[in-house]
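Predicted model, so just to flag it, every value in this text is computed and none were measured.
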Amino acid sequence: MKDNFVTVYEVGPRDGLQNESTVIPTNDKIMLIEALAETGLKKIEATSFVSPKWVPQMADAVAVMQGIKRQENVTYAALTPNMKGLETALSVAVDEVAIFGSASESFSQKNINCSIQESLKRFAPVAKGALENKIKLRGYVSCVVACPYEGEIDAEAVLHVTQALFDMGCYEVSLGDTIGSADTADIKRLLDYIVPIEQPSKLAGHFHDTKGNALENVKAALPYGLRTFDSAIGGLGGCPYAPGAKGNLSTISLVKMLKENGWETDLSMEKLEAAQAILSSWPLGTHK
C-alpha cells in the first residue's frame with residue numbers, strides 16, 4: 001500500500017451513537033451503516049455487544065448485525081467487552097471485535113468498575129476466544145493524554161496498556177484522546193515516547209473534537225507514520241463516562257483535510273455526504 005494512503009475507520013454507528021440520549025431505531029441504524037458501506041469505507045464499527053442496562057443505545061446489536069446487507073470488501077466490527085459479548089458477536093458473524101483498556105485508573109473504575117490490571121485480565125479470554133475463531137482483534141486505549149477525573153496521563157501508562165493489548169493479539173491499537181483536550185504538542189509528546197517502541201503502522205489515532213483540535217492532531221500524527229484514524233459521520237459521539245467529550249472527529253472533515261494535504265483515502269465525498277444527510281432527520285445532539 002502506498003505511503004500516502006490513509007485508512008479512515010468509521011466509528012459513528014457505535015462510538016457515535018452510544019452517547020445519544022434518544023435511542024435511534026434499528027432500521028435507521030441499518031440504513032446508515034449500509035450507506036456508509038457504499039462510500040468506499042473498508043472499516044465500519046457497527047455496534048457494541050454490551051449490557052443494555054449500561055448502554056441502552058446498543059441493545060439492538062444482534063438485530064443490527066442481522067439486518068445489514070453486507071458488502072464483501074467491508075469489515076464490520078463490534079466492541080466486545082466480555083465473553084458474553086464475544087459469544088453473541090460470533091453468533092452473528094462479526095468480522096472484527098474490539099477490546100479496550102484505559103491509561104487512567106480513575107477512568108477505568110468509572111467506565112468498567114475495575115482497575116487497569118483487572119480490566120486487562122478480563123479481556124484476555126475475550127482476545128483468546130476471538131483469535132481462536134479467526135476473528136480480527138483490535139484494541140483501544142482511552143485517555144491517552146488526559147482524564148476527566150485525574151488530569152494529565154503519563155505516556156508510560158499509555159505504553160503499558162498498548163503493549164498489553166498487542167500481547168493479547170491485537171493487530172492494531174487505537175490511541176484515544178477521550179475528552180478531546182489534546183493539542184498537537186500533547187500528541188507529539190505521546191508519540192515521541194511510543195513510536196520508537198511500537199510500530200506506528202499498527203497504531204491508530206482516535207481524536208475527539210471537543211476543543212476543535214482533532215484535525216490538527218491528525219496532521220501531527222501523520223509524520224510519525226500513523227496511517228489509520230477513527231472518525232464518525234457527522235461528528236457524532238462522545239463518551240457517557242467522560243463529561244464534556246461531545247463528539248468524534250467528523251469523517252467528512254477528516255477526508256477533506258487529507259485530500260487537501262495530498263493524502264489518499266479512496267472515499268467518495270458525494271456518498272459520504274449522502275450518508276451524513278441521513279442523520280438530518282434523527283433526534284440527535286443531546287448528550288449526557
Side-chain angles (χ1 to χ4, degrees), residues 6-20 24 26 28-50 55 57-68 70-71 73-82 85-86 88-90 92-101 111 123 126-127 130 135-142 165 170-178 203-209 214 228-240 245 247-252 254-255 265 267 272 275-276 278-279:
V6 173
T7 297
V8 176
Y9 199 114
E10 175 61 47
V11 299
R14 195 283 300 178
D15 192 36
L17 294 181
Q18 71 173 6
N19 199 32
E20 291 295 330
I24 302 302
T26 303
D28 286 348
K29 293 180 185 177
I30 291 169
M31 185 191 307
L32 176 63
I33 294 166
E34 290 181 347
L36 289 167
E38 294 287 341
T39 65
L41 285 161
K42 297 292 186 286
K43 302 272 192 175
I44 300 174
E45 192 177 54
T47 190
S48 178
F49 290 91
V50 294
V55 189
Q57 295 83 346
M58 298 290 113
D60 60 353
V62 168
V64 167
M65 289 307 303
Q66 289 178 331
I68 54 178
R70 300 197 193 187
Q71 301 272 14
N73 60 344
V74 177
T75 294
Y76 298 89
L79 203 67
T80 54
N82 51 44
L86 175 65
T88 309
L90 292 173
V92 290
V94 165
D95 299 313
E96 177 173 312
V97 298
I99 53 178
F100 56 92
N111 193 15
F123 295 137
V126 181
I135 302 295
K136 291 187 80 173
L137 180 69
R138 193 179 200 234
Y140 285 98
V141 185
S142 58
L165 292 171
C170 291
Y171 78 93
E172 180 175 84
V173 172
S174 180
L175 303 173
D177 175 27
T178 308
L203 299 171
H206 184 112
F207 305 135
H208 282 208
D209 207 24
T228 299
F229 295 93
D230 301 351
S231 64
I233 194 72
L236 289 170
C239 176
N248 284 287
L249 170 57
S250 158
T251 300
I252 286 179
L254 174 61
V255 173
T265 63
L267 300 181
L272 283 170
Q276 184 166 293
I278 291 171
L279 307 178

- Message: Pro13 and side chain to side chain contact (heavy atoms under 4.5 Å, CB included): which single residue from Leu36, Thr47, Val64 fits?
- Response: Leu36

- Mind checking ring pair (Phe, Tyr, Trp, His ring centres under 6.0 Å) for Tyr140 and listing every partner two or more places apart, or none if nothing turns up? His206

- Asn73 and Lys42: which non-hydrogen atoms are nearest, and at how many Å? O-CD, 3.1 Å

- Kindly compute the distance separating CG (Leu165) from OH (Tyr171), expressed to the nearest 0.5 Å. 13.0 Å

- Verify, without hydrogens or angle tests, whether Lys43 (side chain) and Leu41 (backbone) share a donor-acceptor contact under 3.5 angstrom. no

- Query: Taking Gln276 for the side chain and Gly234 for the main chain, is one N or O donor matched with an acceptor at less than 3.5 Å?
  - Reply: yes

- Item | Salt-bridge contact Glu45-Arg138 (side-chain N to carboxylate O under 4.0 Å) | no

- Query: Where is the tightest heavy-atom contact between Ala130 and Val97, given as atom of each residue plus distance?
  - Reply: CB-CG2, 3.6 Å

- Note on the structure: Here the pair of heavy atoms bringing Ile44 nearest to Ile33 is CD1-O, 4.0 Å

- Task: Give, for atom CG of Asn248 and atom CG of Asp15, the distance between the pair rounded to the nearest 0.5 Å.
- Result: 4.5 Å

- Distance (rounded to the nearest 0.5 Å) between Ser231 OG and Asp209 CG: 11.0 Å

- For the student: nearest non-hydrogen atoms of Ala78 and Val94, plus distance: N-CG1, 3.9 Å

- Task: Report the residue from Asp230, Thr228, Thr39, Thr265 that forms a side chain to side chain contact (heavy atoms under 4.5 Å, CB included) with Val8.
- Result: Thr265

- Task: Mark yes or no for whether Tyr76, through its side chain, and Ala93, through its backbone, hold a donor-acceptor pair below 3.5 Å.
- Result: no

- Sort and list the pairs that fulfil salt bridge (charged side-chain N to carboxylate O under 4.0 Å, His left out) and have at least one residue in residues 29-41, not counting sequence neighbours. Lys29-Asp60

- Message: Minimum heavy-atom separation for Ala214 and Leu249, please, with both atom names.
- Response: CB-CD1, 3.8 Å

- Apply side chain to side chain contact (heavy atoms under 4.5 Å, CB included) to the pair Asn82 and Phe49, showing each step before the final yes or no. CA-CA 9 Å; Asn82 51 44; Phe49 290 91; over 6 Å; no

- Message: Is it the case that the side chain of Glu10 and the backbone of Ile233 share a donor-acceptor pair, with hydrogens and angles ignored and the cut-off at 3.5 Å?
- Response: yes

- Message: Checking Tyr9 against Glu172: is there a side-chain donor and acceptor pair closer than 3.5 Å?
- Response: no

- Option among Val74, Val92, Ile30, Leu32 that satisfies the side chain to side chain contact (heavy atoms under 4.5 Å, CB included) test with Ile68: Ile30

- Where Leu236 and Gly12 come nearest, the two heavy atoms and their spacing: CD1-O, 4.2 Å

- In this structure, CE of Met31 is separated from CD1 of Ile24 (nearest 0.5 Å) by 11.5 Å

